[in-house]
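What follows is a single structure, written as structure tokens, with notes after it.
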Amino acid sequence: MQDALVVLDFGSQYSQLIVRRIREARVYCELFPWDAPAERVMALKPRGIILSGGPSSVYEADAPTLPDYVLQSGVPVLGICYGMQLLAHALGGRVAPAQRREYGRTTVHLRESTLWPEETRSTHVLEVWMSHGDRIEAPPPGFAVIAESANTPIAAMADPTRRIYAVQFHPEVQHTQHGAAILAHFAHTICGCQPSWTPAAIIEESIARIRQQVGKREVLCALSGGVDSSVAATLVHHAVGDQLTCVFVNTGLLRKGEPEQVVETFQRTQKMRLIAVDATEEFLEALRGVVDPEEKRKRIGERFVRTFETVVQAHFKPNGDLPLLCQGTLYPDVIESRGPERSAAAKIKTHHNVGGLPSDMQFELLEPLRYLFKDEVRAIGLALGLPESLIWRHPFPGPGLAVRILGEVTWERLERLREADAIVQEELTRAGLQRATAQAFAVLLPVRTVGVMGDGRTYNEVVAIRAVTTEDFMTADWSRLPHEVLARISTRIVNEVPGINRVVYDITTKPPATIEWE
């Protein structure tokens, strides 16, 4: 069994990032709700436990509490933000509202401690990311203060004898200097974990889990041609071979030339059994008159399932076991949709393949990537032999262009956005910027503006361009694309796409915005 760490989730939007940083250190890690049954958590035989941040105050009556098994386990413990306050509160320290709340970049001064990795020992000063309204005013007995800031005299504390450590700042976010090194040091040196969580290990474990769940049943894979569904399909194909049938549904919501490309790649190149279904009219009918993005996602999710039910009736024995439905669901999908294992977190939006599925769905889901991040998915895709051109494609949402068209989705507006988006991709490729941007696309707005073309007045729609840089898609910054590239994109869209007379550029980070507009 792999060496492993456990993260207990107390409701922070950063909880999954802790898991990601530990995995980046090549140590397997899983996230559990703070109130998960002890036997479920300890079945992983963790070599350490990390307590996440969260929105509560430990002194509130209904605040999440520290499970008894955490300290009884005898393994090293690291508390982060709320996790630190929880340890202090449970072990006899004092937590109170801070005189001044502390959010954003903060300088902390370190004192000698086994928690700090080699990278921090020459400066004794770190630039970190704080996000808290409470602070610890007195540490518990046996704890030493190992860091302080101007506003937080106890910014970190440690009881090395019991191997309990805590930090008020967030080492998991990119803004914290040497934050990843602190977490890796905790995993490797303090917990003694071996760095054995590699793409090969992920593939081996995934294949074993797939075979265990599938048995002798058939599997249908919802194949969109994007990175996630492609890797999921390839993993399942490696695991169960001809028990897999890929189903590509042309929803009419895809990018220019995509339906043809998907069929060519997987039917002829990857040699997988593929059923192609053109359900354009059905999806457009389901979306007729719908403008609310949540309703769009739910209708698309339901239409996907109904389409698969039709495929089953047409291609599988009516008296046989119902096939499993394989999807390329990722961790960020689960986080933002507040999947059942994320009950402590706030719901940001419903993903059509997580919270948008109909309640009467009969399929059992097979989601081999559900607990993986995008970088892990790409790494195992390359290890499985998928082409780089596919692996490094920009992410495309399951609901497709429906959530990049604000307002009602019509065939005319879809064609308009398809052409505009193709120009964005062509110009980024021409400028060598596809890999420099993590995701870039066009959005069609339900706004008309006055323009002048050929000495005549126009009153047409607006396209917004969104391009971001990110490592994990949990946070993102807008891409500083060269002005000449933006100028070419704008000129081509206005000149080549009928019905558009204005192009704008989105310069909003995530948070506060999401990457997609809907």
Side-chain angles (χ1 to χ4, degrees), residues 5 7 12 14 17-18 20-22 24-27 47-53 75-89 91-96 98-193 195 471 475:
L5 294 188
V7 176
S12 170
Y14 298 138
L17 280 183
I18 307 171
R20 184 176 185 274
R21 298 295 177 240
I22 297 298
E24 285 175 349
R26 297 199 167 184
V27 173
R47 302 197 64 164
I49 298 173
I50 300 176
L51 313 178
S52 83
V75 301
V77 177
L78 174 63
I80 295 174
C81 197
Y82 181 83
M84 175 176 176
Q85 296 163 11
L86 190 59
L87 286 169
H89 184 69
L91 294 172
R94 187 168 71 253
V95 181
Q99 295 177 351
R100 181 167 61 88
R101 293 183 297 178
E102 199 166 33
Y103 296 103
R105 293 186 186 275
T106 304
T107 300
V108 298
H109 298 269
L110 307 183
R111 300 178 188 176
E112 189 64 32
S113 172
T114 53
L115 179 62
W116 309 130
E118 188 65 36
E119 292 90 329
T120 67
R121 291 178 184 171
S122 59
T123 63
H124 298 287
V125 173
L126 285 184
E127 293 296 319
V128 304
W129 190 260
M130 292 281 200
S131 180
H132 63 100
D134 294 330
R135 72 177 189 181
I136 296 170
E137 296 193 336
F143 280 77
V145 177
I146 60 172
E148 60 184 340
S149 73
N151 187 56
T152 306
I154 307 174
M157 63 183 190
D159 181 347
T161 302
R162 288 190 288 175
R163 297 187 298 173
I164 303 174
Y165 303 84
V167 295
Q168 186 60 69
F169 56 86
H170 288 274
E172 68 272 25
V173 303
Q174 292 176 319
H175 308 295
T176 292
Q177 185 182 18
H178 302 308
I182 292 170
L183 290 172
H185 180 73
F186 176 75
H188 295 154
T189 305
I190 294 176
C191 298
C193 294
E471 288 187 3
T475 60

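For reference, positions follow the sequence shown, starting with 1.
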| Can you name the residues that form a side-chain hydrogen bond (donor to acceptor under 3.5 Å, both in side chains) with Gln177, not counting sequence neighbours? | none
| query | Looking only at atom types and distance, does a side-chain atom of Thr152 sit under 3.5 Å from a main-chain N or O of Ala155, one as donor and one as acceptor? | reply |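 Judged by distance alone, no pair lies under 3.5 Å.
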| task | Using atom types as modelled and distance alone, determine if a side-chain donor or acceptor of His178 lies under 3.5 Å from a backbone N or O of Glu118. | result | no
Validation row: [X], [Y] side chains within 4.5 angstrom (heavy atoms):
X      : Y      : result
Arg162 : Leu91  : yes
Arg135 : Ile154 : no
Phe169 : Glu127 : no
Val128 : Gln168 : no
Pro76  : Phe186 : yes
His170 : Ser131 : yes
Leu78  : Ile182 : no
Ile80  : Pro171 : yes

How close do [X] and [Y] get, counting heavy atoms only, and between which atoms?
X      : Y      : result
Gly48  : Val75  : CA-CG2, 3.9 Å
His185 : Leu115 : CD2-O, 3.1 Å
Ile190 : Arg163 : O-NH1, 3.9 Å
Leu87  : Pro140 : O-CG, 4.2 Å
Glu148 : Pro153 : CB-O, 3.3 Å
Gly142 : Asp159 : O-CG, 3.5 Å

Separation of [Y] [atom2] from [X] [atom1] (nearest 0.5 Å):
X      : Y      : atom1 : atom2 : answer
Asp134 : Cys81  : CG    : SG    : 9.0 Å
Thr107 : Asn151 : OG1   : CG    : 12.5 Å
Ser12  : Leu51  : OG    : CG    : 12.5 Å
Leu183 : Leu17  : CG    : CG    : 10.5 Å
Cys193 : Leu5   : SG    : CG    : 4.0 Å

| query | With a 4.0 Å cut-off, would you call Arg20 and Glu172 a salt bridge? | reply | no
| task | List for me each residue that meets ring pair (Phe, Tyr, Trp, His ring centres under 6.0 Å) alongside Trp129, sequence neighbours excluded, and say none if there are none. | result | His175
